[in-house]
Chemist: 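I have a structure I would like to understand better, so I am pasting it below and will then ask my questions one at a time.
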Number of protein chains: 2
Amino acid sequence: MTEPKESLYPEKWLSKASAGDRVACELRMQIISGLIESGTILSENKLAADFSVSRSPIREALKILASENIIRLERMGAVVIGLTEKEIEEIYDVRLLIETFVFERLVKMDTEELVNELSKILEMMKVAIKFKDADEFSYQDVLFHETIIRAINHSYILMIWNNLKPVMESLILLSMRVRFKEKYEDFTRIVENHELYIEAIKTKDRTLMVKSLHQNFDDVQGKVEDLWMSQQMLSKGVELENE
Amino acid sequence: MTEPKESLYPEKWLSKASAGDRVACELRMQIISGLIESGTILSENKLAADFSVSRSPIREALKILASENIIRLERMGAVVIGLTEKEIEEIYDVRLLIETFVFERLVKMDTEELVNELSKILEMMKVAIKFKDADEFSYQDVLFHETIIRAINHSYILMIWNNLKPVMESLILLSMRVRFKEKYEDFTRIVENHELYIEAIKTKDRTLMVKSLHQNFDDVQGKVEDLWMSQQMLSKGVELENE
DNA sequence: TGAAGTATACTTGTATACAAGTATATAACT
DNA sequence: AGTTATATACTTGTATACAAGTATACTTCA
């Protein structure tokens with residue numbers, strides 16, 4: 001199998017990362033994008049050769065991906081699980097679960113600083129949209145939700161987020177790259193939705209919060225579509241490369 | 001520091017485990033029991049010497065414990081976080097969160113087989129109580145809840161459980177060992193509570209479920225106490241050993 | 001031809017070696 | 001004495017080596 005020349009994961013996000021983290025990020029993107037099909041068996045030795053590193057960082061990467069549920073470590077080789085529609089829905093189940101929990105804590109807190117922080121991030125997102133920078137937009141989008149979650153200072157909720165985050169991030173990256181090309185008009189809706197979310201936190205309005213969460217949730221169907229398109233685009237790219 | 005001669009973690013549960021897993025389990029118990037105080041800085045080399053293994057399994061163990069939020073990997077050394085009352089409450093927040101989610105799914109399912117399985121596990125728990133086998137009881141207790149969670153076939157909820165489970169297990173082990181010695185009468189209440197839980201699943205009675213979950217939750221205060229007593233008992237044991 | 005055993009080419013887990021970086025303590029200089 | 005430079009004793013991350021186990025394929029025998 002030919003590895004892609006360019007990496008799918010933004011390299012500038014890896015400035016201080018170890019080789020293990022790099023491999024994990026790149027493999028994760030390849031798996032979620034469908035470039036590596038689910039069912040594939042990954043060999044530590046082969047991966048080490050492909051990525052030109054030793055088995056140590058590869059082992060580290062596989063452990064990470066296994067904890068994220070996108071591969072399964074078996075007696076011989078790691079089996080790729082990947083993301084089907086079912087898994088994506090499950091991820092959003094969990095996001096809904098924890099963000100609802102977080103909101104219930106937030107209504108008991110002073111949220112002024114948080115609202116301010118979120119407004120700043122939203123402005124950053126708008127700039128990213130203006131300059132059609134999908135990666136930057138994705139970064140800020142993930143940061144937006146992480147900021148909300150961090151606000152309640154709950155180490156075990158944060159733990160769940162940390163386990164979910166890498167997969168979410170990859171998913172959003174791929175989805176946004178497609179949207180910037182094919183569905184640019186989507187972003188006005190995404191911005192509106194985030195404004196709604198901020199408003200809900202500011203006014204501590206539970207119904208508004210549920211509404212914005214559900215709009216966000218409805219977007220999942222879109223994400224599944226994007227992922228499919230992303231897979232089409234990438235596989236065409238590979239085909240062209242092979243000619 | 002003197003390491004305890006006997007391991008805190010039941011050795012028969014480690015029959016097929018790798019050295020890395022063994023170290024993780026033992027370290028986890030030492031941290032949660034308070035034998036290793038929070039704030040302690042763990043060195044890979046020192047641990048390797050203490051456990052008579054190389055750095056490879058130690059690194060693996062530290063990664064595991066870091067993902068469970070009981071240590072924090074820093075630039076130099078791993079800092080022990082441990083479990084304070086706050087963390088224990090947080091763990092139960094998450095358990096409450098996921099078990100409530102699971103129940104909402106269960107009410108839409110056929111639960112006959114599950115109820116049967118749970119009844120079996122409860123019988124095992126009763127036997128463990130009769131023979132005052134704290135470790136066996138803990139095992140079945142953890143299995144009870146895991147069985148419920150697995151029933152809905154939700155890979156990301158299961159992922160959360162898998163992250164929580166080792167710490168839960170350690171906590172329950174320590175707590176139950178104390179109770180078998182000091183508060184044996186507690187077990188009638190624990191059994192009743194589990195019976196209530198099964199009944200709630202059988203009849204799909206949401207209010208009963210909330211009631212039993214909350215009774216379980218009220219037990220948390222007890223667990224904090226147990227942990228404290230466990231720490232007292234263990235530190236006395238160590239003191240005696242040093243004389 | 002079919003079954004059983006053996007060889008081989010993998011696999012994982014662990015140990016060890018080494019490079020590069022960081023804190024601590026000692027020494028030198030003003 | 002106080003500050004700066006340097007030595008050293010750590011640290012992590014990566015590479016490599018090796019032992020033990022497992023699946024595959026081949027060979028041998030009936």
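Side-chain atoms are counted along with the backbone in the values below, which use heavy atoms only and exclude waters and symmetry mates. Letters A, B, ... mirror the listed sequences (proteins, then strands); counts begin at 1.
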Chemist: Mind calculating the distance between CD (A:Glu60) and C1' (D:dG13) to the nearest angstrom?
Modeler: 8 Å
Chemist: Is the phosphate of C:dC10 approached by A:Asn45 (side-chain N or O, under 4.0 Å from OP1 or OP2)?
Modeler: no
Chemist: Which heavy atom of B:Val94 sits nearest a heavy atom of A:His154, and at what distance?
Modeler: CG2-CE1, 4.4 Å
Chemist: Apply the side-chain hydrogen bond (donor to acceptor under 3.5 Å, both in side chains) test between A:Tyr9 and each candidate in A:Glu169, A:Gln30, A:Arg22; give the one that qualifies.
Modeler: A:Glu169
Chemist: One thing to verify: whether B:Lys86 and B:Glu89 come together as a salt bridge, which I'm taking to mean a side-chain N less than 4.0 angstrom from a carboxylate O.
Modeler: no
Chemist: With nearest nucleotides of DNA chain D determined for A:Val53 and B:Leu62 from heavy-atom distances, which residue corresponds to the more 5′ nucleotide?
Modeler: B:Leu62
Chemist: If I take atom CG in residue A:Leu47 and atom P in nucleotide C:dT11, what distance separates them, rounded to the nearest angstrom?
Modeler: 10 Å
Chemist: Nearest of D:dT11, D:dA15, C:dT16 to any side-chain atom of B:Ser43?
Modeler: D:dT11
Chemist: Please determine if A:Lys120 and A:Glu123 form a salt bridge, counting it only when a charged side-chain N lies under 4.0 Å from a carboxylate O.
Modeler: no
Chemist: Of the nucleotides C:dT14, C:dT22, D:dT12, which has the atom closest to the B:Met76 side chain?
Modeler: C:dT22
Chemist: To the nearest Å, give me how far apart CD (B:Glu44) and C1' (D:dG13) are.
Modeler: 9 Å
Chemist: Is the shortest side-chain N to carboxylate O distance from A:Glu99 to A:Arg95 below 4.0 Å?
Modeler: yes
Chemist: Does a side-chain N or O from B:Arg75 land closer than 4.0 Å to OP1 or OP2 of D:dT12, or not?
Modeler: no
Chemist: Check step by step if side-chain contact (heavy atoms from CB on, under 4.5 Å) holds for B:Leu106 and B:Ile148.
Modeler: CA-CA 9 Å; B:Leu106 284 179; B:Ile148 297 172; 3.9 Å; yes
Chemist: Taking CZ from B:Phe51 and C1' from C:dT14, how many angstroms apart are they, rounded to a whole number?
Modeler: 16 Å
Chemist: CD1 of B:Ile41 versus C1' of C:dT22: gap in Å, rounded?
Modeler: 14 Å
Chemist: Starting at CZ of A:Arg59 and ending at C1' of C:dT11, how long is that distance when rounded to a whole Å?
Modeler: 11 Å
Chemist: Between B:Arg55 and C:dT14, does any side-chain N or O lie under 4.0 Å from OP1 or OP2?
Modeler: no
Chemist: Is there a residue in residues 15-25 of chain B whose heavy atoms reach under 4.0 Å of DNA chain C, and which residues are they?
Modeler: B:Ser18, B:Ala19, B:Gly20
Chemist: Among residues two or more places apart or on two chains, list those pairs meeting side-chain hydrogen bond (donor to acceptor under 3.5 Å, both in side chains) that have a residue in residues 61-73 of chain B.
Modeler: B:Arg28-B:Glu68, B:Arg72-B:Glu74
Chemist: Take atom CZ of A:Arg72 and atom P of C:dT12, then tell me their distance rounded to the nearest Å.
Modeler: 15 Å
Chemist: So does B:Ser54 get a side-chain nitrogen or oxygen closer than 4.0 Å to the phosphate oxygens (OP1/OP2) of C:dA15?
Modeler: yes
Chemist: Rounded to whole angstrom units, what separation is found between the CG atom of B:Leu73 and the P atom of D:dT12?
Modeler: 9 Å
